Amino acid sequence: MKKSLLKIFLLSFILSIIQNSSLAQQKLDTLLPVRGFCIAAPDPKEIDTFIKFINEELAPRKVNTLVLRVDYNYQYESHPELREDSTLSKGDIKKLVYACRANNMRIIPQVNLLGHQSWAGETNKLLSVYPQFDETPHVKMPEKYEWPNADNLYCKSYCPLHPDVHKVIFDLIDEICDAFETDAFHAGMDEVFYIGDDKCPRCGGKDKAELFAGEVRLLRDHLAQKNRQLWIWGDRLIDGKTTGLGMWEASYNNTYRAIDMIPKDVMICDWHYERADKTPVYFAMKGFNIITCPWRKPVSALLQTEDMVNFRMQSSEEMRPRFQGMMQTVWSDAGTFLDGFYGRLKDEKAGGDTAWNCFRAMYDKIGQLK
């Protein structure tokens, strides 16, 4: 009799724990539907270490969305000429996919499109293999890159009106999305300084907002054919002069008007790294779903998390679902981040303002929302 009562008690206790855990998860999903982490895809030799990080660090913190910046670090079969020297295989990708699936985590690949086709003094794969796609071929890459410079060169862009560029891009998008078995794709599209260049025979003289919006629509419509969603960074859709956010976090070249020309089902990833600017409200009022993205300042990330929860709690029924959540961004390679996270690397110059400290602080805050 006593054994039966003990079994009943233990069963009731276990069921209570499960129920409380489920209720806590539901509350967290209500407050922050998207709890994301964005980082460069790991090198092939780092796959197992990164999967350990997924299992032991991301999953326990209830991260449910992983954005991996792949770019040309994959063994593309449709365009092998665009592979970097060290690239992920399809088998490597499947390991990541299965690890995320086991942890109920959505995985989304990113390939930088339109802008960010070069970095410092080096042209990236697309324009080095297909130089005819270059929006500004008259701007030569410097031996030693410095900013500012006479050409206003930050990163190269491809010409969105070149007749052959989208055949290549669409092949890459389809292949990487199939490999990741995903229902979304992140196209980057941040910090586009070269667009509608006066010397471009196709884009010269055209409205830069219409050019940017046209590229967004093309990418969105292509993805929609296979029921996939387009994600982009939001900076080019903000007026940098009116808001005072400047040319990096917002636009000085009039692309911001594109916000009224693109489909509302594009997911906007709104990044601000110095302050908790309230631009999520702007995007939500324009009808977009929005994710706030911090980087390296824990204090700002905590304020942004509080804001996102308050936006959801204090908004109308129409606005509330547009505030989707938070996503930590990392702008180093995966190995460097993991070295910092596990204490193998110290950044004396940054002090406490590092991506790994920001990640910990933000997800500690999110953990308290349960």
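A quick note: this is a predicted structure, and the numbers were derived from the prediction, not measured. For reference, positions follow the sequence shown, starting with 1.
- Between Tyr154 and Tyr145, the ring center distance fails the sub-6.0 Å criterion.
- The six-membered or imidazole ring of Phe311 lies near that of Phe323, with a centre-to-centre distance under 6.0 Å.
- The aromatic rings of Phe53 and Phe50 lie tilted to each other, with the angle between the two planes from 30° to 60°.
- Note on Asp171 versus Lys167: salt bridge recorded, some NZ/NE/NH1/NH2 to OD/OE distance being below 4.0 Å.
- The CG atom of Leu82 sits 11.0 Å away from the CG atom of Asn124 when rounded to the nearest 0.5 Å.
- A side-chain donor from one of His272 and Thr279 sits under 3.5 Å from a side-chain acceptor of the other.
- With respect to the salt-bridge test (charged N to carboxylate O, under 4.0 angstrom), the residues Arg101 and Glu181 qualify.
- Within 6.0 Å of atom NZ in Lys94, more than 12 heavy atoms from other residues, nucleotides or ligands are found, so the atom counts as buried in its surroundings.
- Ring-plane geometry between His116 and Trp119 is classed as parallel, the angle between the planes falling under 30 degrees on a 0 to 90 degree scale with a further cut at 60.
- Rounding to the nearest 0.5 angstrom, the gap separating the NE2 atom in His186 from the SG atom in Cys38 is 6.0 Å.
- Using a 4.0 Å cut-off between charged side-chain N and carboxylate O, Asp239 and Lys241 make no salt bridge.
- At a threshold of 4.5 Å between side-chain heavy atoms, the hydrophobic network of Ile, Leu, Val, Met, Phe, Trp and Tyr places Leu58 and Phe341 in one connected group.
- A donor-acceptor contact shorter than 3.5 Å links the side chain of Arg228 to the backbone of Thr182.
- Counting only heavy atoms from C-beta outward, the side chains of Asp221 and Leu219 never approach each other to under 4.5 Å.
- With ring centers used as reference points, Tyr273 lies under 6.0 Å from Trp271.
- The CD1 atom of Ile176 lies 10.0 Å from the NZ atom of Lys90; values are rounded to the nearest 0.5 Å.
- Ion pairing between Lys278 and Asp307 holds under the 4.0 Å rule for side-chain N and carboxylate O.
- In this structure, the separation between CG on Asp265 and CG on Leu230 is 8.5 Å, given to the nearest 0.5 Å.
- Ion pairing between Glu210 and Arg217 fails under the 4.0 Å rule for side-chain N and carboxylate O.
- No donor-acceptor contact under 3.5 angstrom links the side chains of Asp235 and Trp248, judged on distance only.
- Contact check on Lys125 versus Glu81 returns no salt bridge, with no Lys/Arg side-chain nitrogen under 4.0 Å from an Asp/Glu carboxylate oxygen.
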* To do: Decide yes or no on salt bridge (Lys or Arg N to Asp or Glu O under 4.0 Å) for Lys156 and Glu135, but give the supporting numbers first.
  => CA-CA 7 Å; Lys156 286 269 193 174; Glu135 173 73 5; over 6 Å; no

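- A salt bridge between Glu306 and Lys365 is present, with a side-chain N of the basic residue lying under 4.0 Å from a carboxylate O of the acidic one.
- Between Trp295 and Trp233, the gap from one ring centroid to the other reaches at least 6.0 Å.
- Crowding of Lys349 atom NZ: a count of heavy atoms from other residues, nucleotides or ligands under 6.0 Å not exceeding 12.
- Side chains of Gln110 and Asn112: a donor on one and an acceptor on the other come within 3.5 Å.
- Under the 4.0 Å criterion applied to side-chain N and carboxylate O atoms, Lys199 and Asp197 are not assigned as salt-bridge partners.
- Once rounded to the nearest 0.5 Å, the distance linking CE of Met105 with CG of Leu96 reads 11.0 Å.
- In terms of heavy-atom proximity, Arg312 sits nearest to Arg320 at O-NE, 2.7 Å.
- The existence of a salt bridge linking Asp183 and Arg106 is confirmed by a sub-4.0 Å separation between a basic side-chain nitrogen and an acidic carboxylate oxygen.
- Aromatic rings from Tyr342 and Phe337 are positioned such that their centres are separated by 6.0 Å or more.
- Considering every non-hydrogen atom in both Ala334 and Ala40, the closest pair reads CB-O, 3.7 Å.
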